[in-house]
Protein chains: 2
Amino acid sequence: MSNAFTDRLRGHGPLSDDDVRLLTAACHSIRGHRAGHHLIREGDRPDPVFVMLEGWAARYKILPDGGRQIMAFMLPGDFCDIHIAVLEAMDHSIVTLTKAKVASLPRQQMEALVEARPAITRAFWWSQLVDQGVLRAWIVSMGRRKAQERVAHLMCELYIRMHNIGLATDNQCEMPLTQVVLADAVGLTPVHVNRVLQALRQAEVMDLRSGSLTILDPAKLARIAGFDANYLHRRLKRAA
Amino acid sequence: MSNAFTDRLRGHGPLSDDDVRLLTAACHSIRGHRAGHHLIREGDRPDPVFVMLEGWAARYKILPDGGRQIMAFMLPGDFCDIHIAVLEAMDHSIVTLTKAKVASLPRQQMEALVEARPAITRAFWWSQLVDQGVLRAWIVSMGRRKAQERVAHLMCELYIRMHNIGLATDNQCEMPLTQVVLADAVGLTPVHVNRVLQALRQAEVMDLRSGSLTILDPAKLARIAGFDANYLHRRLKRAA
DNA sequence: CGAGGTGTTGAAATATCTCAAGCGCCGTGG
DNA sequence: CCACGGCGCTTGAGATATTTCAACACCTCG
């Protein structure tokens with residue numbers, strides 16, 4: 001009677017058993033997808049809200065010149081904006097990056113939950129808050145950090161997020177990102193990302209390779225990244 | 001019985017007279033500030049929610065190396081995240097950029113409104129949605145657009161937002177940004193921003209000067225920027 | 001009158017991109 | 001089982017966008 005989704009929301013504040021039951025029930029349609037499957041495409045009329053139960057996905061936009069910019073990574077427990085259903089057309093797309101299991105909640109059911117269950121609404125707001133914090137951190141990175149710092153910062157973010165959902169062991173976790181995906185996220189060129197990764201490896205700071213990240217020197221990594229975790233404010237940790 | 005704030009929210013969906021009355025009443029403490037006044041500083045414990053009634057403000061973060069990155073501009077009718085009150089400490093600051101009039105709503109009153117008034121909650125969600133759209137657009141800009149396109153895009157965004165709140169006439173509006181503020185927003189150097197502005201001026205695309213923006217060739221500007229307004233989904237326009 | 005913020009200009013330095021090529025791996029199809 | 005093609009990673013060298021540093025003019029404000 002729980003999954004990555006309810007666990008995550010519970011991290012944002014107490015939910016009654018009833019709340020959890022309603023939420024799990026709402027995730028009725030659960031489907032498996034392979035890497036590269038589009039959950040939504042730009043231009044689609046959005047209806048259901050997607051919730052990642054397993055695997056990774058990315059939210060991205062394609063520019064007129066064909067370039068791609070990734071705006072967010074979605075990990076297990078994350079979900080697409082609840083209110084997105086109000087729009088007529090998506091202005092971006094979402095793809096799975098790995099094999100994934102995703103639930104979809106019909107819009108109406110979502111809204112019903114929000115209207116009826118204050119605790120759930122509150123949990124959603126929290127989640128929103130964290131998401132916005134992440135978006136802002138990305139803006140700071142892209143605006144003022146140089147290549148090395150940028151990828152270091154992203155690795156910090158993703159490691160912490162993985163850690164928060166119990167998917168990281170000591171200084172190591174899965175990180176199923178190819179160098180071009182990484183490049184599209186940090187706003188660099190794949191070849192430059194490659195060189196940056198090599199530099200970080202040779203400096204014995206971190207090692208990203210074949211789908212997994214190893215942090216060799218956490219303090220140094222955080223210093224390079226200028227990383228300050230508290231924008232990810234994880235209630236979970238504190239409540240535990 | 002209305003102000004920039006209620007007008008804005010009304011743009012996101014119908015509000016009853018009662019809703020509007022409650023909202024205006026909630027803006028009890030209204031104060032004037034001069035340019036450069038901090039509404040919140042990083043590290044502060046946030047309590048009230050601020051609403052811009054007149055003037056501009058910017059949300060920014062200072063990096064370890066002393067650099068500043070602006071993450072958002074706040075125009076009349078905008079407000080800081082409602083839920084921000086849940087945090088223990090602000091992870092960024094907000095300053096006024098011009099003389100400004102701002103209302104502050106106590107946290108509790110805010111939450112009471114949200115619990116009691118579904119229409120108001122809905123309006124807040126909309127507002128959130130738009131804000132997130134803007135954040136994402138900034139990420140795309142900083143990640144994949146070059147200097148000229150970036151400032152062109154920002155000018156498009158700000159012009160449209162000013163237009164939406166009735167503060168722009170034909171292809172012209174107030175734009176009280178110094179070149180260094182602009183630079184801190186788009187992630188460039190002030191001197192480079194200067195050159196970009198000159199280029200856009202000489203190309204007769206737009207002219208930003210002494211606090212006001214003139215769009216000389218809207219089509220060209222939008223083309224350079226790769227601008228697509230629909231992420232700002234303004235209900236106002238449609239409803240009108 | 002002086003000080004500081006703002007806009008402007010020039011020239012050299014540098015981070016990042018572009019283009020181009022090669023290598024290893026893996027899954028597919030013959 | 002092998003050959004092939006495609007993808008992901010790596011490397012090099014030259015091109016380019018943007019930064020840095022430094023200086024100056026202008027204006028406002030005290």
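Below, chain A is the first sequence line, B the second, and so on; all start at residue 1.
A/Y231 and A/H153 have parallel rings, their planes meeting at less than 30° on a 0 to 90° scale where 60° marks the start of perpendicular.
A 4.0 Å heavy-atom criterion places the boundary nucleotides of DNA chain C facing chain B at C/dT6 to C/dA11, written 5' to 3'.
Checking A/S29, A/P48, A/C27 one by one against A/L105, the side-chain contact (heavy atoms from CB on, under 4.5 Å) holds for a single residue, A/C27.
Separating the CG atom of B/L182 from the P atom of D/dT18 is a distance of 14 Å, rounded to the nearest angstrom. As rounded to whole Å, 12 Å separates atom P of D/dT18 from atom CE of B/M142. Across the protein-nucleic acid pair, A/Q179 atom CD and D/dT10 atom C1' stand 8 Å apart, rounded to whole Å. Note: CG (A/L197) to P (D/dG8) measures 15 Å, nearest angstrom.
The phosphate of D/dC9 (OP1 or OP2) has no side-chain N or O of A/N194 nearer than 4.0 angstrom.
Between A/R144 and A/S210, it is A/S210 whose nearest contact on DNA chain D lies nearer the 5' terminus. Residues B/R209 and A/G187 each lie close to DNA chain C; by heavy-atom proximity, the contact nearer the 5' end of the strand is made by B/R209.
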Acceptor/donor pairs from residues 30-39 of chain A side chains to any protein atom, 3.5 angstrom cut, sequence neighbours excluded:
unit_1 : atom_1 : unit_2 : atom_2 : d
A/H33  : ND1    : A/H37  : ND1    : 3.2
A/H38  : ND1    : A/R41  : NH2    : 3.4
A/H38  : NE2    : A/Y60  : OH     : 2.5

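Residues A/E174 and A/W56 bring no donor and acceptor atom of their side chains to less than 3.5 Å of each other.
Taking the six-membered ring for Trp and the full ring otherwise, B/F79 and B/F5 have centroids separated by under 6.0 Å.
If you check residues 198-207 of chain B against DNA chain D, you find no residue with a heavy atom closer than 4.0 Å.
A salt bridge links B/D184 to A/R144: one of the charged nitrogens lies within less than 4.0 Å of a carboxylate oxygen. Between B/K61 and B/D91 there is no salt bridge, since no side-chain N of the basic residue sits under 4.0 Å from a carboxylate O of the acidic one.
Under the rule for a ring pair (Phe, Tyr, Trp, His ring centres under 6.0 Å), the partners of A/Y159 that lie at least two apart in sequence or sit in another chain are A/H163. Take B/Q179 and apply the side-chain contact (heavy atoms from CB on, under 4.5 Å) test, not counting sequence neighbours, and it matches B/V193, B/N194, B/L197.
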Using nucleotides 20-26 of chain D, report all nitrogen or oxygen pairs with the protein that are shorter than 3.5 Å.
unit_1 : atom_1 : unit_2 : atom_2 : d
D/dT20 : O4     : B/R195 : NH2    : 3.3

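Side-chain atoms of A/R150 and A/L154, non-hydrogen and from C-beta on, never get closer than 4.5 Å to each other.
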What's the verdict on side-chain contact (heavy atoms from CB on, under 4.5 Å) for B/M175 and B/R209, showing C-alpha distance, side-chain angles and the deciding distance?
CA-CA 9 Å; B/M175 189 75 60; B/R209 183 199 304 251; over 6 Å; no
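Counting any heavy atom pair closer than 4.0 Å across all strands shown, B/G36 reaches no nucleic acid atom.
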